[in-house]
Number of protein chains: 4
Amino acid sequence: MVGYAFMGRVHSQAWRSVGAFYDLPVRPALAALAGRSKDHAEAAARRFGWAAVESDWKDLIDRDDVAIVDVCTPGDSHAEIAIAALAAGKHVLCEKPLANTVAEAEAMAAAARSAAARGVRSMVAFNYRRVPAVALARRLVADGRLGEIRHVRAIYLQDWLVDPEHPLVWRLRREKAGSGALGDIGAHVVDTVAFVTGQQVTGVSALTETFVKKRPLPGAPGTGPVTVDDAALFIARLTGGALASFEATRFATGRKNSLRMEINGSLGSLSFDFEAMNELWFHDATLPGEEGGFRKIIVTEPGHPYLDAWWPPGHGLGYEHTFTHEVRDFLSAIAAESDPEPSFEDGLRVQRVLAAVERSAAEESRWTAV
Amino acid sequence: MVGYAFMGRVHSQAWRSVGAFYDLPVRPALAALAGRSKDHAEAAARRFGWAAVESDWKDLIDRDDVAIVDVCTPGDSHAEIAIAALAAGKHVLCEKPLANTVAEAEAMAAAARSAAARGVRSMVAFNYRRVPAVALARRLVADGRLGEIRHVRAIYLQDWLVDPEHPLVWRLRREKAGSGALGDIGAHVVDTVAFVTGQQVTGVSALTETFVKKRPLPGAPGTGPVTVDDAALFIARLTGGALASFEATRFATGRKNSLRMEINGSLGSLSFDFEAMNELWFHDATLPGEEGGFRKIIVTEPGHPYLDAWWPPGHGLGYEHTFTHEVRDFLSAIAAESDPEPSFEDGLRVQRVLAAVERSAAEESRWTAV
Amino acid sequence: MVGYAFMGRVHSQAWRSVGAFYDLPVRPALAALAGRSKDHAEAAARRFGWAAVESDWKDLIDRDDVAIVDVCTPGDSHAEIAIAALAAGKHVLCEKPLANTVAEAEAMAAAARSAAARGVRSMVAFNYRRVPAVALARRLVADGRLGEIRHVRAIYLQDWLVDPEHPLVWRLRREKAGSGALGDIGAHVVDTVAFVTGQQVTGVSALTETFVKKRPLPGAPGTGPVTVDDAALFIARLTGGALASFEATRFATGRKNSLRMEINGSLGSLSFDFEAMNELWFHDATLPGEEGGFRKIIVTEPGHPYLDAWWPPGHGLGYEHTFTHEVRDFLSAIAAESDPEPSFEDGLRVQRVLAAVERSAAEESRWTAV
Amino acid sequence: MVGYAFMGRVHSQAWRSVGAFYDLPVRPALAALAGRSKDHAEAAARRFGWAAVESDWKDLIDRDDVAIVDVCTPGDSHAEIAIAALAAGKHVLCEKPLANTVAEAEAMAAAARSAAARGVRSMVAFNYRRVPAVALARRLVADGRLGEIRHVRAIYLQDWLVDPEHPLVWRLRREKAGSGALGDIGAHVVDTVAFVTGQQVTGVSALTETFVKKRPLPGAPGTGPVTVDDAALFIARLTGGALASFEATRFATGRKNSLRMEINGSLGSLSFDFEAMNELWFHDATLPGEEGGFRKIIVTEPGHPYLDAWWPPGHGLGYEHTFTHEVRDFLSAIAAESDPEPSFEDGLRVQRVLAAVERSAAEESRWTAV
């Protein structure tokens, strides 16, 4: 694994736990952790149970005891690390967004295709696909329970930047993060909508805004410019004919991690909010109208996606379990010699939507095909 | 009153009830009802308690016992009736949308200005301003409790057109209704946002769609083309710098009359859904973070807007009461010799937003200033 | 109508409105209002539209233009007025609780039986039966959708007495009110449970408490003793074998008028809270478990009880409409020459439960048969 | 650890994870797992990461590499194992209910007291105390935010026995389980109420019921009698003067694991439902009434109990984390040489309430002091 911050912590827990709950043909061992600061990496490795440490990710890739490379670094290093790892024959799980630019993402998708031909697998870590309620939503759509989809509303709301004194961390600098709320959390809703509906965005009209334009430098006097968006809104059309509305913001005061989605189809509707991640709301319009209503499905039944491994009904899961499910699917695909989803190609598709959003916003919300 | 269908029924109930609950300097008498079908008008008058009936609205305006004209007809006749009534010195309450075109709305606003100079009052019937929870929302914003507003999400969802066999009623024909979901329900959210935030839309980028393009003719064989939108989505900027996202649709399966609004400001946020009209959700970000949370205010306290006239706390109001509040405000303004709100000018402003939305949608979502 | 306070106001609105919305064979005229203070009664009559005023209810009963007597006074006068009115051949609608003692209630029920034999009708005003969601709950139970009922939880929570400085109003004095939270609001849940489940309470074990034992005298210096309960809790068995838990309190801080009920049966469950009176939650356990969940039925469809008279779906009703429905049912029964429900016999049954609760609480929660 | 079924699985995950998230002076190693079936125990040990296996729990206690014994067996063996382990100088974490009888629980509490004098610690595993929202509730009560407590409603609803064909598992046999819903889930609400309010039950009046009296024998033809309760209801008084209502049932169709609690005090109220375990609802009655309302606190802020170790706000926890918190508190207390809570004495107190409930139910709901 490369990286040991937030994503490193939660990925470690997933790798450590997956074998205790799922029957897998292979059981992962936590071989080595790479991080630029050897001290920090060693502390993290001790804590999270990694057997060895490397201060250069290239050495990690060279190790014989490493079969999988898990890329948990900021977006600007994804392409280099992932392409090198694939070239070295290592399966690669890469955090999202796949890259900071479409060009990088294209190179990564090409590398993934060529690696796949050699039996080397790759996956991009859109973990919200692995929320059981979201996977159940996809199943209901795929089973035709919603009929023809007319509307999608997908928003991702956080509020951690409302305070203008919050420092200028790397996520607020374009050269590191690529974009702001758009790439960090907007990428998730774009992917989740594609996953659940099976439809892709064909074009967008967008607005972005940076509400707080300067922020204190972290660990230094003075302020610096925020070079990414604080919020991004866009309307879109999907391949199947639906209209869609998207929003990503870090300025929705009081909303902590509210990835919400509502889908309205000719036969039914679905509604989801990650702040209540064990619930999926489903309206089945084929029932008699007088009994109709959005029903709150508590997604903890053994027949629900991923749930056979966990606790009795009503004993909910948390954020971290989405990563346990993710590595379970990745390991299953490797063992089955099949290509896991979402592929780098899926990651590239999201990247193209993000690029279209930025272009549209820069050109007075002009309609921009993806 | 002109018209005796849905709006006529609910306006009648408001006129009949207002005096029993509010102390008003004047008490309205239900003088006369006008409708093209004398039989139907007479039946409606008997039922709703109107003293007389006219089959021509011009005769209604000529009556000496009529001081107020309440226009409840489809949008294509608003301008003619309202302008004539104002010219005759009658105060005018006019259903929304104010008119079917900007030109008509401009003429009406001009007539209203000139009438006001003569002490004749006019008001457009955006009843959702009179939901106590919505009026409380405005009060909280006006009191600065939200700080600087960054985001507005305002959507109005219904589902009564999902069935493709629903007939081609007048609301689906452009010449009668002006537009579809946009003018019928989108107009409400545009006005409600202006009311609550005190900010106006400055420009839009829009998508509209007609999902079901032909429908059965009512009372006749064959089908005819739907000439209005089934749904309208737009993103916008507001005068105060906020980003806004709007949606109006009659295809949101399972949503019956869901006028929803969320407003995120630097100091707090508000959330509302008309399907639970007695509740306003308020997040006060100035409280300690560990105690923070959206609180469900049950808007039935005596100190809440309009509530001093009704029942003890927790004994909720319904849809019809928004109209009782509306005529109460209208009568109060007439008695106080002041101009009521929302004015025809406010109605014109909404009309301009609707026109900009239609233009943007017709020109590939081009950014269109209002 | 006798009485013009809270109940008088809402009953007046119901009598005035019912004919405008429901097709009734008879249309009520608001003949006369009786109240001990002639001045107050006259002001109320003007406001609510009553044609005449009497300062003695006996004169009201004597009037030839009065066919129905609506008793809206405190409980200690119900028996005398209602029995006299029935004897005079007037149909009687009587507010709840039917009386302050079982003996009074028995005399009233006997009078009602004898009047019914002469075609004179009587009804007790348990208005919560006329909440459309509650009537829908009864329909679902009656249709067998819940199967065999195992559990009922029914509580009625208010908080208007939390402030110890709230004065010693008549509702806090045993000689006027009979009991406290128990008779005022506990009576409603006892009746509502009987209505929805079709089962009666067979025995109870109870606790009551008066948290604030002295309160300021209203309009006088000094304090006086509170002689009724502030809260009553009891567990019970129902005729059909279900276990039940009841609570009535005016000390549930933050709960304004929360009449809540949950019913669990072998095939499904129901849940209701009057603070969201247009919603009924229904769990249908015969659906596949993976799709199961409590569904929020918005009880505003034309096929829902009482709803054919009102607005389109999603345009909710309020507290006052329960009274409109009540007088509609009463008038319909009179016209149909049938006995309306709930009868005085039903009111007596509730009274017996209340008496058993008080006896059990006085005797260390001893099990007390009803 | 003794036992490897449901509780064994979730305890294992807690022991394995705790060191990765909390800074602890000691880091637990998973030394050995004991279970009667060596094959099953070995499979469980491999899966959950235990280093060794014993087929007799006595051998586990004898091991030098075991400092802590975690008792996850059915209640009938708790006393013997825990007392032996304490005598051998091992710290003991024991699943709830502490024992199947008051006598056993007394012996355990005595053993725990004597062990504590020697520095040997013991704790009973009421994990719901470690739900962050529940711990926050306790903090708010302890800080005086609710004022004087008047009402507690605490219910625990499941539905896994609604199907009469569910087999007669050990939890339905008195000799193994002690009691039914009462000891299994009722014990949790009794303890949680004591924890949050700081008050103890002083007396009860109770009803219990077995709805399905015979069930199929597991793995054998024929049926056998259910010898425990399916549901238990009781009303109670608490040491601080509050009235309380309790319910535990496995027949609440549609409720999967709904541990709900509402507490009403003179200054505020709290409400919680484990089915939405990351939320605590708090009404602060000291705020202006017009702004009042139950607020949904998403209990994921760094300042919330246990939350400093986990993810950013809004990224919720699940059921298993309550156990991670539990072993964290147990290990912290051992390291700090202090007695952890809840103690065996606390477990004994719960046992006495359960016994009083059974006695009251057996004697016609007679009031029974604890």
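Just so we're on the same page: letters track the sequence lines, and every chain starts at 1. These values consider heavy atoms only, across backbone and side chains, with no hydrogens, waters or symmetry-generated copies.
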Chemist: Under 4.5 Å, counting heavy-atom pairs only, tell me which of Phe48(C), Tyr319(C), Phe6(C) racks up the most with chain B.
Modeler: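 Maximum pair count with chain B is reached by Tyr319(C).
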Chemist: Would you say Arg9(C)'s side chain and Trp310(B)'s backbone share a donor-acceptor pair under 3.5 angstrom?
Modeler: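 Between the backbone of Trp310(B) and the side chain of Arg9(C) there is a qualifying donor-acceptor contact (under 3.5 Å).
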Chemist: NE2 of His40(B): more than 12 outside heavy atoms within 6.0 angstrom?
Modeler: no
Chemist: Rounded at 0.5 Å granularity, tell me how far CD in Glu275(C) sits from OG1 in Thr300(B).
Modeler: 7.5 Å
Chemist: Can you say whether Ile298(B) sits under 4.5 Å from chain C via the side chain, the backbone, both, or neither, judging by heavy atoms?
Modeler: side chain
Chemist: Would you name the heavy atoms of Ala20(B) and Arg16(C) that are closest together and state the gap between them?
Modeler: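 The answer is CB-NH2, 3.5 Å.
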Chemist: Classify the ring geometry of His321(B) against His321(C): parallel below 30°, tilted from 30° to 60°, perpendicular beyond 60°.
Modeler: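 Because their plane-to-plane angle is over 60°, the rings of His321(B) and His321(C) count as perpendicular.
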Chemist: Please determine which of Val10(C), Thr322(C), Asn257(C) meets the side chain to side chain contact (heavy atoms under 4.5 Å, CB included) test together with His315(B).
Modeler: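 Testing each of Val10(C), Thr322(C), Asn257(C) against His315(B), the sole residue satisfying side chain to side chain contact (heavy atoms under 4.5 Å, CB included) is Asn257(C).
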Chemist: Does some side-chain heavy atom of Trp160(C) sit less than 4.5 Å from a side-chain heavy atom of Pro312(B)?
Modeler: no
Chemist: With a 4.5 angstrom heavy-atom cut-off, could you sort out which part of Asp159(C) is near chain B: side chain, backbone, both or neither?
Modeler: neither
Chemist: Working to the nearest 0.5 Å, report the span between CZ of Phe21(C) and CD of Glu320(B).
Modeler: 5.5 Å
Chemist: Which pair of heavy atoms, one from Ala276(C) and one from Glu279(B), lies closest together, and at what distance?
Modeler: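 Closest approach of Ala276(C) to Glu279(B), heavy atoms only: CB-OE2, 4.4 Å.
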Chemist: Say whether, by atom type as modelled, one donor and one acceptor occur between the side chain of Arg255(B) and the main chain of Gly314(C) under 3.5 angstrom.
Modeler: no
Chemist: I'd like to verify something: which residue of Ser12(B), Gly49(B), Pro313(B), Ala44(B) has the highest number of heavy-atom pairs under 4.5 Å with chain C?
Modeler: Pro313(B)
